[in-house]
Every structure is written in structure tokens, then in C-alpha cells.
Amino acid sequence: MTTTAPLLDIKNLHHAYGPGSIAIDDVTFSVNNGKFTSIVGPSGCGKTTLMKSIAGLLSFTSGQVNLLGQDVTEVPSDLAMVFQDYSRSLFPWLKIGANVELPLRYRGLDVKEREQRTQESLEAVGLGNKADKYPWELSGGMQQRAAIARALAFHPKLLLMDEPFASVDAQTRADLEDLVGHVHRTLGMTILFVTHDIDEAVYLADEVLVLSKSPSRVVERIAVDLPAERDQVTTKESSAFVTLRSQVARLIRHAPDSESVGAANE
Amino acid sequence: MASILSGTASRAVRPPASGAPKLQNEFMSGAKFVIIRIAAPVILVVLWQIAAVAGDSLYFPPPSEIAVRMYELWFSGPSPWFVTPALVADIGSSLGRMFAGWGIAVVLGVALGIAIGRSRVVSQLVDPIVHFLRSTPGPALIPVFLILLGTDNLMRISLIAFGSIWPVLLNSIDGVRAIDSTQLETGRAFGLPWRARIFRIVIPAAMPKIFAGIQVSLAVALVLMVISELTVSTDGIGHQLLTAQQTFALTDMWAGIALLAILGYLLNLGFTVIERRVLRWYRGARQHD
């Protein structure tokens, strides 16, 4: 394996929940180390199924998911996940610090390292003084920050985020987007980000992957050649951003079903 | 009560004009609460005393007499604890059995409940069997247990365990089945080994339900403890009760009943205190929903 090999490589992924209910028809794409990739598509297009397949939470019907040169057949050890539903993903019986620290116990770290990483990542998301609070004592935005901190402390090679900001208010959402963008740039973390929000997809990513309606296929891969430093106001008013978001919007609006994509590919 | 008082005291430092009547109300309601809770049993005992004295029946000694007898039997021992050897013998052997049986019921009930609840197929398979066994009244099995296990502690502990396992088992199955799939997926996605997923996710998540089951089973265990001691026994509170009744020492019998009532109350109280500590997060989370 050479250094230029992609971090994540997905070939002909296909998954059916049962006869006739195909969630993913045929998905092939790869993600290079350090890249931020957004996945958008019409609602119910199998984005969550795709995420679960990569995370090893679901044994897909056929195809290949390869992470760091290893075929994913069970949960990979270098992967962390931020779920949409932070209130159900954080454990209410553990305080914030303990929530962040729990997964580290099974990574062969000693107490000191675990405490240090926990504190570091809580500070990185602006929750340095909330380690002793229970999740339910914090606002929704803060809870999602805690979930992000838990993923950061894990030091994953690949971070999966499944519609992480779908259930927070607009201002919190903008703050959290900038937090994730900052984490991506400063830590060089590879992030795969599922969203149904086109602005968010373009604003954060190096590359946007547009999926078709279910059963999903990749409609288009769009490189986002915006400057690395992004700003909620100036980036979003730039003509390059506006062009990109229209391009993505058009693709989603006219998202073909998988047969016509298949025909186009052949 | 102390917390209510200190709470009002610290808040009284700031004197908002409109706050004064409210503070008084809070204090009154706190004091009222305690008075009412104490008043009802006190009135009841006084009425009982009056009725018993007026009735002057051999079978119903007045509570004052029962209290004196309880003191003589169990609480007139040497300082500093004042308990008599009889109390230690009776309560000690009884509680030993009860906790052994109940402990087995809790451990087995939770373990089986998790194993069953984790699998939809297994739980559907086992469900009718569990409900059938659960419906068998524990005391009805005493003859069987006597034949199989003899007349010693093994029989009593087994009976208590068998009878009190069902609430724990059923609630554990229920609690495990109701766990949010996101919580389990989080555990898997972050690479927690299965043992850690059981002890750090499944059990805590199901704990509110499990605790409710354990509390019911504690009451059942107490009942079965007494019943098991009413049959071929040599010690324990149940044995004391039976001996008193057979020797026509009716005040002793009533003293035994009163002792059991107090014991049951204290056990439940102790359990509630533990539950409040362990499930503090659950109360908090529900309030914030």
C-alpha cells in the first residue's frame, strides 16, 4: 500500500434490507487522508445506511468498504462517530467528562492520558468547565459539542458525522459548523459529513458527494475550491460559493433515480 | 426536613418584599408535610390503644403492652446497642436467609433478564414459560422444596430466591428491550468490547426498570422468608411467631408481627435511599425532558 492510497475506499457498495427494499444500489467513492467530504442527497436516500456500513454497524449485502487498507467487516478501531441524536447518543447516567472518557478506556490508555485527552477535547469544543455536568444539564448545542469532544478525544483516523446539526437552532448550528471546520483544519482530521443542508455541505467541505434518490448511487462529485479559511458571511456571499450551492441544488432537485444514473454511467 | 429548613434560611437572607409570604408558605408546607406524616400513625396507635383497653380481649393486647413486650424480648440488652441475644438470633437468621435468597434472585434475575432481553427470538420463546412459572404461588411449592431440599436453610433460601426472582427477571427483560438503539450503536461505534457494553451501557440504561423490579422482589422475599419459617423451623422471626402462637403467648405473637412490620418498613426505606442515589441521573434527566 502506497502513501497516496485513499484513507477510505468504497467499491460497488450495495445493501438491501430485504427483497425489494434496496437502500443502496451501487455506491463507489474514495476519501483521501485529511479531506472533508460532505454527502448530500434527497431525504431517505440511504445516507444513514451508508454511514452505518462504513462504521461497521451493519453488514451490507455486497461490495467493499476499505478503511486504511483493511476491509471493514466489523467496527474499525480508528473510526469515531457523531450521531444526529446527541440526546440519545450521550449516556445520561454519566457526566460529560465520563462520557468523553469512556471509549478511551478500551484503547489501552492509562488514567493520566485519558484525563488529559478528555480535558483537551472538552476545551477544544468550549466545554472545559462542564466536565462535571450531566448531559441533561446542558443545552442541546452544548450536548452536541460534548458528543464532538468524545469523538475528538478518540483520535480517530476517520470521523463520521451523521446529520449532526439537524436538531439544533440556526445560530448554534452556525457555531458548531465553524467548530467542526476549525477542528478539520487544525487537526487535519478526515471527516465524512452527511447532511441534507446544501449550504452546510458546501460551506464545510473540500468535496461534495451528491447521491441519487433511494436506492442510492453517486450522482456527482464536486470539488469545492474555496479558500481553506471559511466565514459564515463572506464565504457564503462569494460568487464561487453561490455557484457551487446552485450546482448542488440543481443536482438534488433533479436527482435522477438510479436507473438513469446507471444508464449515464454505462 | 433539615434541607427544607436550611433552604429557607439561606434564601431568607435576600428580603424581596413579595417573597416573604411565599417563604412562609414553603415552610408551612414542609412542616405540615412532616406533621401529617407523623400524625396519622400516631392517631391510629392511640385509637388502637383505646379500643384494646376498652375491649379487654385476651386476643388483642393493647399496643402499650406489645411495646413493653418487644422491649423485654429484644431491646433490653446491654449498652450500647441494647439488643438482646434473642433479637440477634431471630432477626439475624431471618435476614440472613432473606438476603441470601433475594441476592440470588437479583443476580440471577438480572443476568437472565439481560440474556433474554437482548434477543427478540429468545424473549418470545421464553416469555410464556416465565409467565407460567411466575403465576405459581411460591408457598405452594414448599412441599416440593421440602422433599427435594430437606428442611434446612437451603430449602428456605431456594424458596425465597424462586419466589422473588420474577419481578427482577421480568423488569430486566423489559428494561433491556426498551434500550435506545442509538445508545447501543454508540457503544459499538466507539469500539467498546461486549462486556463493557453490557456493564456500562445495557445495565445502567435498564437500571430504572431493574430497580423497580428489585424493590417489588424485596417485599416478596420478606413474605416468603416468614412463610418459610412457619414450616419445620428452629429459628427466625417466623419461628418465633409460630412458637408464640402455639404456646398461647399472644403478646409475644403480636410483638413478632410488629417487629416484622418495622423490619419491612426499614428495608423499604433503606432501599429507597439507595435507589435515590443510584438513579439520581434518571430523575434529573426526566425533569429536564
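Just so it is clear: chains get the letters A, B, ... in the order the sequence lines come, proteins before strands, and each one is counted from 1.
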Check your understanding: D180(B) and T182(B): side chain to side chain donor-acceptor pair (under 3.5 Å), yes or no, with the steps?
Key -> CA-CA 5 Å; D180(B) 199 300; T182(B) 307; 3.1 Å; yes
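- Contact of S89(A) with chain B is made through backbone and side chain together, with heavy-atom distances under 4.5 Å.
- Listed options E74(A), K95(A), M81(A) were ranked by heavy-atom pairs under 4.5 angstrom with chain B; first place goes to M81(A).
- For the pair N32(A) (side chain) and K35(A) (backbone), a donor-acceptor distance under 3.5 Å is absent.
- Note on P92(A), P156(A), A55(A): by heavy-atom pairs under 4.5 Å with chain B, the leading option is P92(A).
- Contact count against chain B (heavy-atom pairs under 4.5 Å) is highest for K52(A) among E137(A), K52(A), Q84(A).
- In this structure, the side chain of S135(B) engages the main chain of H131(B) through a donor-acceptor pair within 3.5 Å.
- For F199(B), the CZ atom is loosely surrounded, since the number of other residues' heavy atoms within 6.0 Å does not exceed 12.
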Exercise for review: Dump the intermediate steps for salt bridge (charged side-chain N to carboxylate O under 4.0 Å, His left out) on E101(A) and R105(A), then the final yes or no.
Suggested key: CA-CA 7 Å; E101(A) 195 247 13; R105(A) 289 169 176 253; 3.1 Å; yes
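- Neither the backbone nor the side chain of L279(B) comes within contact range of chain A, judged by heavy atoms closer than 4.5 Å.
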